[in-house]
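I have placed the structure first, in the form of structure tokens, so that the comments after it can refer back to it.
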There are 2 protein chains.
Amino acid sequence: MTTERPSRPSGPFPAAVTVDLVILTVREGALHVLLIERGNEPFRGSPALPGGYVRPWEGLDETALRELREETGLDGRRLHLEQLRSYGAPDRDPRGRTVTVAYLALGPDLPVPVAGTDAHAARWVPVARALGEGFGLAFDHAAILADGVERARSQLEYTTAATAFCTEPFTMSELRGVYEVVWGISLDPSNFRRKVTRTAGFVVPTGERRAMESGRPAALYRRGPARDLYPPLLRSSEMTASG
Amino acid sequence: MTTERPSRPSGPFPAAVTVDLVILTVREGALHVLLIERGNEPFRGSPALPGGYVRPWEGLDETALRELREETGLDGRRLHLEQLRSYGAPDRDPRGRTVTVAYLALGPDLPVPVAGTDAHAARWVPVARALGEGFGLAFDHAAILADGVERARSQLEYTTAATAFCTEPFTMSELRGVYEVVWGISLDPSNFRRKVTRTAGFVVPTGERRAMESGRPAALYRRGPARDLYPPLLRSSEMTASG
DNA sequence: GCAAAAGTGTTATTATTACACCCATGA
DNA sequence: TCATGGGTGTAATAATAACACTTTTGC
């Protein structure tokens, strides 16, 4: 709280606070989200975003990190993890008033959540399907997921977050593929390369090369220290929509 | 909530949920924030962001709108109002666990909060002072305010939010002044004008003019329908720092 | 050699920047 | 007429977009 309002009877009332995670990755040429299957009512059996209650002694970020570790076995400090926004419609949970703080995590194609301690039926689902008709995401999770995807798209414009989707070391094609998959458009390879390599600190070449299935071997890169992109890499300027 | 975790005893525990408002305006050539003076412990007598408890039947946006109306007497639907982010450090309120959802409101130089029903000692404070040494904002409100200011700066780059600071109708100078005050830099008047007028829907000319203290009368404009700026008006590209 | 993908170069277009200069008004 | 912003024009620079072309691999 922060401001009492003695003149108006509106003191604190108990609410449950949770953290839900929108964990995105790029797999098989499509954006995927990590979903679990609910084991309890309400929405028993429905797919849902992983998440859980904030514990009394935890900060919100801490809860997000813990949930991420529990659900995926991954160290959140090595992923892109940021608070997305909060959702608190009074009827969002039929059991009672809950407010959830959503977090967005971006990571490379993780070895499927099996490492998690209690990864109950966690699985990767293409975002297009999870947001499609009749998929039936629990609660308001479809809206949260949609917001998360939009945030991810925007992050690709102004930050180096795309590298979070790549397993190091990665090729320029792989990085470009992230943009293409997340934005759903095609980018001109040569213009993309120029943009990335000329942005100081976006990627650093390892000097190594990797042979591809076919064609000339590609140079390998790692994430650079830069976090922000200037100038940004705007999707509306669609470099090239060469299907 | 969303995910129970039967294997781990971590059920819901009561937390108070509040909404705090970062209400910004431009006055006398400086960015100001609306602060109240706390009447109760803790931080009794300290300046703080206006805010209050979320009521049982309210959504978060509703609470923000209600608080805005109560504190300033203004209709939030006519201001730029958006969720900023949430803060939930376990020790942020000594009375107990609270999570606050901060909102950012941008408005023209409001007729000082007197209209509010219970505007207890609400006043405009220059942001530079509120964030300065020894000002003593309650709770973690200094961090929230800093985040709000940074968000506002960023919004000016990518959206037409700057018009929210202007009283209609406004002149090009007034709009430019908003950018200069919020960003703390000087902009080249002619380049700024070109940028604004060439962005479809940013502003619409009224056809009227207003005589200034000195010099040629300035054309008047109103907010246009556009919400996003493309291309953006980036502050790093500092048009001109002719300060 | 051929296909395929990496990578380089070149040009046209657009956006940004800097700044010169004219316009309309009050004093 | 002068001082003071408002407002227009223009040229240099930088970024983007489109696309031709060369390189290096596997087969």
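Below, chain A is the first sequence line, B the second, and so on; all start at residue 1.
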**Report entry** Contact pattern, 5' to 3', of nucleotides 22-27 of chain C - B, S or - by protein heavy atom under 4.0 Å
**Finding:** -BBB--

When the distance from [atom1] of [X] to [atom2] of [N] is rounded to whole Å, what number comes out?
| X | N | atom1 | atom2 | answer |
| --- | --- | --- | --- | --- |
| Leu234(A) | dA14(D) | CG | P | 19 Å |
| Asn191(B) | dG7(D) | CG | P | 15 Å |
| Tyr230(B) | dA15(C) | OH | C1' | 10 Å |

**Report entry** Touch class at under 4.0 angstrom, heavy-atom based, for Arg198(B) against every strand present
**Finding:** nothing

Query raised in the report: Is Arg210(A) touching bases, backbone alone, or none of the nucleic acid, heavy atoms closer than 4.0 Å?
Result: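 Nothing: the residue Arg210(A), judged by heavy atoms under 4.0 Å, touches no strand.
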
Of all the choices, [options], which nucleotide is nearest to the side chain of [X] once you look at every atom?
| X | options | value |
| --- | --- | --- |
| Ala219(A) | dG9(C), dG7(D), dG7(C) | dG7(C) |
| Ala218(B) | dT16(D), dG6(D), dT10(C) | dG6(D) |
| Arg193(A) | dG7(D), dG7(C), dA18(C) | dG7(C) |

**Report entry** Verdict with supporting geometry, Asp20(A) and Thr100(A), side-chain hydrogen bond (donor to acceptor under 3.5 Å, both in side chains)
**Finding:** CA-CA 7 Å; Asp20(A) 285 326; Thr100(A) 196; 3.0 Å; yes

Requested in this report: May I ask you to check whether Phe139(B) and Tyr87(B) place their ring centers less than 6.0 Å from one another?
Outcome: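 Ring-ring flag for Phe139(B)/Tyr87(B): false, centres at least 6.0 Å apart.
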
Report task. Classify the angle between the aromatic ring planes of Tyr179(A) and Trp183(A) as parallel (below 30°), tilted (30 to 60°) or perpendicular (above 60°). Result ->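 The arrangement is perpendicular - the two ring planes meet at more than 60°.
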
Query raised in the report: Is the side chain of Ser154(A) donor-acceptor paired with the backbone N or O of Glu150(A) at a distance under 3.5 Å, no angle test?
Result: no

Query raised in the report: Heavy-atom distance under 4.5 Å between the side chains of Leu79(B) and Leu106(B), does that happen here?
Result: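 Counting from C-beta outward, Leu79(B) and Leu106(B) never come under 4.5 Å.
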
Query - CA sep, side-chain torsions, deciding dist, call: Glu82(A), Leu104(A), side chain to side chain contact (heavy atoms under 4.5 Å, CB included) - result: CA-CA 5 Å; Glu82(A) 62 172 319; Leu104(A) 175 66; 3.8 Å; yes

Report task. Please determine if a side-chain N or O atom of Lys195(B) lies less than 4.0 Å away from the OP1 or OP2 oxygen of dA15(C). Result ->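 Result: no.
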
